[in-house]
Amino acid sequence: MKLDLKAFSCELLGAQQLIPRARIVARAVAESVAGSSVNIYTAGTLAGREVWISRAWSGEQTVRGSSVPINTGTLAELAARQEPLIFCDRHLSREDYAHLDIRRTLRSLAYLPLVSGADLVGVVEILCFENEITGAEIAELHEAANIAAFALNAAHRYESERNDSLASISRLTQLYDLEKSFSSTLEMDELLPIISDKFREVMECSAINLWL
């Protein structure tokens, strides 16, 4: 089934956040490639390591964990080449896709890079269990991949800005509470413990927000 790019774009515009948009992309690609399951990853960093973060899937849930090291198997080749790739089962060993948890025979495995500007923001992973995916099918998804890359990148920026705003509001609220505590007493012996407690609360909340 050929993907309706106009309807696809409108559906993405109707969702602001990253996960809902990733789900829309996964479902649309799976409907376009018969007999497939689709995973959507975005590039990110966890504990100082570059990883692919699993965001959504359509069809079977096949990813073993929530994140995959960026230099893993077939995903590593996608990261290095940043171009559409198709792997047939006769050219694959299970070590090549060890990040996947599948029991069925895999006929082919394909990748669409999601590139926004000069940045590789994510990847669409397509697993075919019935037929081998063709170059023509991948070519038909090229424009959809460009739209998806822009949409996911915009959603990621939106969520980052929102989280930064929430963290700023939280700090302002804590400082306001601190000011009220200062104003409520003029006794230094009483004030010093309050300052210490409030300062500790602000630092703990800041550390939590930074981790998130």
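Residues take their numbers from the sequence shown, with the count starting at 1. Worth saying up front: this structure is predicted, and the values here are computed from it rather than measured. Values below: all heavy atoms of this structure, side chains included; hydrogens, waters and symmetry mates excluded.
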Hey, what do you get for [atom1] ([X]) to [atom2] ([Y]), rounding to the nearest 0.5 Å?
X	Y	atom1	atom2	answer
Asn153	Thr42	CG	OG1	10.0 Å
Glu132	Arg90	CD	CZ	5.0 Å
Phe8	Glu143	CZ	CD	11.0 Å
Ile86	Leu112	CD1	CG	9.0 Å
Ser54	Asn39	OG	CG	6.0 Å
Lys2	Glu140	NZ	CD	6.0 Å

Which pair of non-hydrogen atoms, one from [X] and one from [Y], has the smallest distance, and what is that distance?
X	Y	value
Ala15	Pro20	CB-CB, 3.9 Å
Ala30	Ser58	CB-OG, 3.5 Å
Pro113	Pro84	CD-N, 3.6 Å
Ile138	Ala110	CD1-CB, 3.8 Å

Donor-acceptor pair, distance only, cut-off 3.5 Å: does the side chain of Arg55 make one with the backbone of Ile40?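 A pair under 3.5 Å: no.
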Between Asp4 and Lys6 (side chain of the first, backbone of the second, donor and acceptor by atom type, cut-off under 3.5 Å), is there such a pair?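 Such a contact is found between Asp4 side chain and Lys6 backbone.
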By salt bridge (charged side-chain N to carboxylate O under 4.0 Å, His left out), which residues pair with [X], not counting sequence neighbours?
X	answer
Arg94	none
Arg23	none
Glu50	none

Do Glu95 and Ser93 meet the criterion of a side-chain donor-acceptor pair at a distance under 3.5 Å?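 Per modelled atom types, Glu95 and Ser93 side chains form a pair under 3.5 Å.
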Got Ser108 and Asp89 here, is their nearest side-chain heavy-atom distance under 4.5 Å?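 SC-SC contact between Ser108 and Asp89 ruled out.
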Measure the shortest side-chain to side-chain distance between Val124 and Val38 over non-hydrogen atoms and say whether it is less than 4.5 angstrom.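 Heavy-atom side-chain distance check passes, below 4.5 Å.
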side-chain contact (heavy atoms from CB on, under 4.5 Å) against Asn71, all qualifying residues, sequence neighbours excluded: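 For Asn71, the residues satisfying side-chain contact (heavy atoms from CB on, under 4.5 Å) (neighbours in sequence not counted) are Pro69, Ala76.
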Residues sharing Ile19's hydrophobic cluster, by side-chain heavy-atom contacts under 4.5 Å among ILVMFWY, directly or via others?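 Traced through the cluster, Ile19 reaches no other member.
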Linking Ile, Leu, Val, Met, Phe, Trp and Tyr through side-chain heavy atoms less than 4.5 Å apart, which residues share a cluster with Leu78?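 Direct or chained contacts put Leu78 with Tyr41, Trp52, Val63, Val68, Ile70, Leu75, Leu85, Phe87, Leu92, Tyr97, Leu100, Ile102, Leu106, Leu109, Tyr111, Val115, Leu120, Val123, Leu127, Phe129.
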Is the number of heavy atoms from other residues, nucleotides or ligands within 6.0 Å of CZ (Arg64) greater than 12?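 Buried by this count: over 12 neighbours within 6.0 Å.
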Can you confirm whether more than 12 heavy atoms, excluding those of His99, are under 6.0 Å from its NE2 atom?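 Correct, the count exceeds 12.
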Stepwise side chain to side chain contact (heavy atoms under 4.5 Å, CB included) test for Glu137 and Thr134: CA-CA 5 Å; Glu137 288 176 303; Thr134 66; 3.2 Å; yes
Run the salt-bridge test on Glu11 and Arg21 with the 4.0 Å N-O cut-off and return the result as yes or no.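 Looking at Glu11 and Arg21, the cut-off is not met.
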For a side-chain contact (heavy atoms from CB on, under 4.5 Å) with Leu152, tell me which candidate from Ile147, Leu12, Leu114 qualifies.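 For Leu152, the side-chain contact (heavy atoms from CB on, under 4.5 Å) test succeeds with only one of Ile147, Leu12, Leu114, which is Leu114.
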Decide whether Phe150 and Leu5 are clustered together by the hydrophobic rule: side chain heavy atoms of Ile, Leu, Val, Met, Phe, Trp, Tyr closer than 4.5 Å, transitively.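 No, Phe150 and Leu5 fall in different hydrophobic clusters.
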Evaluate Cys128 against Val33 for side chain to side chain contact (heavy atoms under 4.5 Å, CB included), listing each step before the verdict. CA-CA 8 Å; Cys128 289; Val33 181; 3.8 Å; yes
Walk me through it: do Leu141 and Ile126 pass the test side chain to side chain contact (heavy atoms under 4.5 Å, CB included)? CA-CA 11 Å; Leu141 292 169; Ile126 309 170; 4.1 Å; yes
